[in-house]
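Please read all numbers here as calculations on a predicted model, not as lab measurements. To find a chain, count down the sequence lines: A is the first, B the second, and so on, and within it residues start at 1.
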Protein chains: 2
Amino acid sequence: MQNKQAKYIELGELLLQQILRGHYPLSALLPTEKELCAQHGISRHTAREGLRYIERIGLVERRQGAGTRVIRTNLPEQINQFTQSVQELLEFGQQTRFSIDVCQLLITDKDEMSRLKFSHPREYIYLAGVRSEVHDKKPICYSSIQQFRYHTDLYAKDLDKKTALKQMMHLLSSSNIGRVEQEFTACLLTSDMAQKLNDQAHSAGMRVVRKYFSKQGELVLLAESIYPAHRYRYINVLTPASKKL
Amino acid sequence: MQNKQAKYIELGELLLQQILRGHYPLSALLPTEKELCAQHGISRHTAREGLRYIERIGLVERRQGAGTRVIRTNLPEQINQFTQSVQELLEFGQQTRFSIDVCQLLITDKDEMSRLKFSHPREYIYLAGVRSEVHDKKPICYSSIQQFRYHTDLYAKDLDKKTALKQMMHLLSSSNIGRVEQEFTACLLTSDMAQKLNDQAHSAGMRVVRKYFSKQGELVLLAESIYPAHRYRYINVLTPASKKL
DNA sequence: TAGTGGTCTAGACCACTAT
DNA sequence: TAGTGGTCTAGACCACTAG
C-alpha cells in the first residue's frame, strides 16, 4: 500500500524538479495559479499550497500582480540542513568514521540544568571523539555528544561504545526529531584540539552547537562540534517575515 | 486612512503577543482551530493562516491530532535577522558609527562577474571601514561594502563619503529589499585587521558575507563583515521541510 | 473513539503590477 | 485596465493522537 502524497506536494515536487532540471531557468515566470489549476485539475487553494511549497524552499519569489518568478535553480544548502544535521549523526557509522575518545554515563549538574532549562536532573550518555572521512581518514571535526535518557529502560548498565552508538542511531532514526536548533561561533583551535584535527594550533575553527528535539518537544541530544575553519561554511537565505515584525 | 491588516495577521499578532507576554507558557496548548474560529468569528482557513504565522516564526509546533503547542516564548534571533541585517546597515549613521577608510567608484572585474553571475560589468561604490559602538567607541566589525549602481543617474561624479552613505540609506530604506543571503565562515584576524578592531592579532573571527537583493531579484548590495569571535554568534532553528526533501 | 490538525473544493472580492 | 497573487468564506472528508 503506497502512501499517497498530498496533491499540493505532488505539484510542489513537480515544479521543484522542473526548476532543478532547467525547465524554468533563472528569472523565468512559472505558470499562473489559474493555469496550474487548469493543467492539474485542482482547486486554486491546492495550487497555492504547491507554490508555497517551493517558495518556502526559496526557489521562487511571488509578487502580487507580477507572478511567480524563479530566483534560484538549485537547492539552497539551508533546506537540506535539517535532514543533513540529523543525517550527519546517523552517518557516524557510515560515510564518516567516529573514533570515540570518551564514553560515559553522566548526570546533568546544576550549571547544565540551568543552561538547558531542565527542572530535574537527567542522565545522559556522553560521547566525544573525532569524526573523519572514511576514504582518506581526514578529520572533519571533533564532536562531543550528550545523549539524554529517553526511555528509561533502554540503556544497558554496562555502557560500551557500540551500544552507545546504536542507541544514538535509534534516537535519531525513525523520524523522531521534530526540530533542530543550531548555534555558530568562531573559535581558536587549542593545541590539543588542533592535534586531534590534524591541523595547526591556533588556527581558526567553527564551533557548532546543535540541539535535537523530539517531536514531543523534549531535548534528546546535544552535540557540540568543532570544525577547522576551512571545513565548514554556513549559508542562509532570509526573507521578510510577511508584513509585520 | 489606516492600512487595515489582514485578519489572519491580526490573529497571528495577537497570539504572538500573548505568547511573548506569558499568557501561554512553554508547553501550553493554544486554542484549537475550531475555538479560534468561534472566538474571532473567522473561517477555519483564516484561523489556520494565523496559526501558520506564529508557526513560521518558530513559537509553536503543530501536530495533527495533538494540537498547537508553545515551544518557545521569545522571538528567535533568526526571525529578527532579516530586519536586523537590513537595519544593521541603516544604523551606520545612527546607533553605530562607521568610520570609512576607503570610498571609491569601481567596476566589477572578470573574477567578480563570474562569482556574482553577472552577464555585464556593473559599477559600484566601494566602502570599507570599521563599524563601532557610538557610546564607548568599541569596534564591532570591519565591513567592506559593494553598493551596485541601481538607477544609473543617481550617483554624483564627485563621490564623497557622505553621498555614498546617503545613497546606501536610500537603497536599503523604503523596503526595497526582498531577500538577504548570508554566508558564515570562521577566519583568523590578520594583524592589520586586529589592529583596526582593537583586538589581538591571530585571534578568531567570524566572516559574514551578506548579499542584499531587491524585490525585483537584483543584487543591490554586497557586504563582507569581519567580527571578533566574541562579538558574534548566529542562532538558527531548523524544522523538517514537510514530508519530503 | 472523540477530537485534533491536514487536505481539498468552489466559490468570492480585493490589492497590486504591468502596460 | 486586464490579469496576477492575496485574503476570505463555508463547507467536506481524511489521518493522526490521545485517553
K.L.:
Please determine whether a side-chain nitrogen or oxygen atom of A/Lys7 lies at a distance below 4.0 Å from atom OP1 or OP2 of C/dT9.
P.N.:
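Answer yes for this pair, as a side-chain N or O of A/Lys7 is under 4.0 Å from OP1 or OP2.
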K.L.:
For the side chain to side chain contact (heavy atoms under 4.5 Å, CB included) test, which of B/Val220, B/Leu105, B/Leu221 pairs with B/Gln147?
P.N.:
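When B/Val220, B/Leu105, B/Leu221 are each tested with B/Gln147, the side chain to side chain contact (heavy atoms under 4.5 Å, CB included) holds only for B/Leu221.
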K.L.:
For DNA chain D, whose closest nucleotide is more 5', that of B/Ile42 or that of A/Gly67?
P.N.:
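By nearest-heavy-atom nucleotide position, the 5'-most residue is A/Gly67.
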K.L.:
Give a yes or no answer on whether the side chain of B/Thr185 reaches the backbone of A/Arg233 with a donor-acceptor pair at less than 3.5 Å.
P.N.:
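No, B/Thr185 side chain to A/Arg233 backbone: no donor-acceptor pair under 3.5 Å.
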K.L.:
Whole Å only: how far is the CD atom of A/Gln64 from the P atom of D/dA2?
P.N.:
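Rounded to whole Å, this separation is 18 Å.
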K.L.:
Specify the residue among B/His45 and B/Lys34 whose closest nucleotide of DNA chain C lies further upstream toward the 5′ end.
P.N.:
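Whichever sits nearer the 5' end wins; that is B/Lys34.
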K.L.:
Report the nucleotide, chosen from C/dA18, C/dC8, D/dT9, that has the shortest atom-to-atom distance to any side-chain atom of A/Arg63.
P.N.:
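Comparing C/dA18, C/dC8, D/dT9 against the side chain of A/Arg63, the answer is C/dA18.
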K.L.:
What's the CD-C1' distance between B/Glu49 and C/dG5, to the nearest Å?
P.N.:
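The distance from CD of B/Glu49 to C1' of C/dG5 comes to 14 Å, rounded to the nearest Å.
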K.L.:
To the nearest Å, give me how far apart CD (B/Glu33) and C1' (D/dC14) are.
P.N.:
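B/Glu33 atom CD is separated from D/dC14 atom C1' by 14 Å.
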K.L.:
Atom CD of B/Glu10 to atom P of D/dT7: distance rounded to whole Å?
P.N.:
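Checked: the CD to P distance equals 13 Å.
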K.L.:
Taking only Watson-Crick and G-U wobble pairs with both distances under 3.5 Å, what dot-bracket line describes DNA chain D, where [ ] shows pairs that cross earlier ones and | shows pairs with another strand?
P.N.:
||||||||||||||||||.
K.L.:
Would you classify B/Leu51 as touching base, sugar-phosphate or nothing, given that sugar-phosphate means primed atoms plus P, OP1 and OP2, and contacts are heavy atoms under 4.0 Å?
P.N.:
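No contact.
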K.L.:
Side-chain N or O of B/Thr46 versus OP1/OP2 of D/dT9: is the shortest distance under 4.0 Å?
P.N.:
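True: B/Thr46 side-chain N/O within range (under 4.0 Å) of D/dT9 OP1/OP2.
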K.L.:
Closest to the B/Ser43 side chain: C/dC8, D/dA10, C/dG5?
P.N.:
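Ranking C/dC8, D/dA10, C/dG5 by closest atom to the B/Ser43 side chain puts D/dA10 first.
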K.L.:
Relative to the 5' end of DNA chain C, which residue comes earlier, A/Ala66 or A/Ala47, by the nucleotide with the nearest heavy atom?
P.N.:
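Residue closer to the 5' terminus by nearest nucleotide: A/Ala47.
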K.L.:
Could you state the CD1-C1' distance from B/Ile54 to C/dG5, rounded to the nearest angstrom?
P.N.:
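Going from B/Ile54 (CD1) to C/dG5 (C1'), I get 14 Å.
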K.L.:
What is the separation between atom CD on A/Glu61 and atom C1' on C/dT17, rounded to the nearest whole Å?
P.N.:
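About 14 Å, once rounded to whole Å.
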K.L.:
A/Arg62 has a side chain; which of D/dC8, D/dG6, C/dC8 sits nearest to it?
P.N.:
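Among D/dC8, D/dG6, C/dC8, the one nearest the side chain of A/Arg62 is D/dG6.
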K.L.:
Kindly indicate whether the side chain of A/Arg44 and the base of D/dG6 share any N or O donor-acceptor pair separated by less than 3.5 Å?
P.N.:
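In this structure, the two groups form a donor-acceptor pair.
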K.L.:
Between C/dG5 and B/Thr68, is there an OP1 or OP2 to side-chain N/O distance shorter than 4.0 Å?
P.N.:
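Result: yes.
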K.L.:
Kindly point out which of D/dC8, D/dG6, C/dA10 is positioned nearest to the side chain of A/Arg48?
P.N.:
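Given the options D/dC8, D/dG6, C/dA10, the side chain of A/Arg48 is closest to D/dG6.
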K.L.:
Please report the distance, rounded to the nearest Å, between CD in A/Gln5 and C1' in C/dG6.
P.N.:
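The answer, rounded to whole Å, is 13 Å.
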K.L.:
A/Leu116: which residues meet the side chain to side chain contact (heavy atoms under 4.5 Å, CB included) condition with it, sequence neighbours left out?
P.N.:
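Here the qualifying residues are A/Phe118, A/Phe148, A/Lys211, A/Leu219, A/Leu222.
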K.L.:
Hey, is the main chain of B/Ser27 close enough, under 3.5 Å, to the side chain of B/Arg69 for a donor-acceptor pair?
P.N.:
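Flag set: sc B/Arg69 to bb B/Ser27 pair under 3.5 Å.
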K.L.:
Which value, rounded to the nearest 0.5 Å, describes the distance between A/Arg72 atom CZ and B/Phe213 atom CZ?
P.N.:
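Rounded to the nearest 0.5 Å, the CZ-CZ separation comes to 8.5 Å.
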K.L.:
Looking just at side-chain N and O atoms, do B/Glu13 and B/Gln5 make a donor-acceptor pair shorter than 3.5 Å?
P.N.:
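B/Glu13 vs B/Gln5: no donor-acceptor pair found between side chains.
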K.L.:
Does the side chain of A/His40 reach to within under 4.5 Å of the side chain of A/Leu14, using non-hydrogen atoms?
P.N.:
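When only atoms from C-beta onward are counted, A/Leu14 and A/His40 do touch, with a gap below 4.5 Å.
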K.L.:
Donor-acceptor pair, distance only, cut-off 3.5 Å: does the side chain of A/Thr108 make one with the backbone of A/Arg122?
P.N.:
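Yes: the side chain of A/Thr108 pairs with the backbone of A/Arg122.
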K.L.:
Nearest to the B/Tyr8 side chain among D/dT9, D/dT7, C/dC8, which nucleotide is it?
P.N.:
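Among the listed nucleotides, the one closest to the side chain of B/Tyr8 is D/dT7.
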K.L.:
Given atom CG of B/Leu11 and atom P of D/dC8, what is their separation to the nearest angstrom?
P.N.:
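Going from B/Leu11 (CG) to D/dC8 (P), I get 10 Å.
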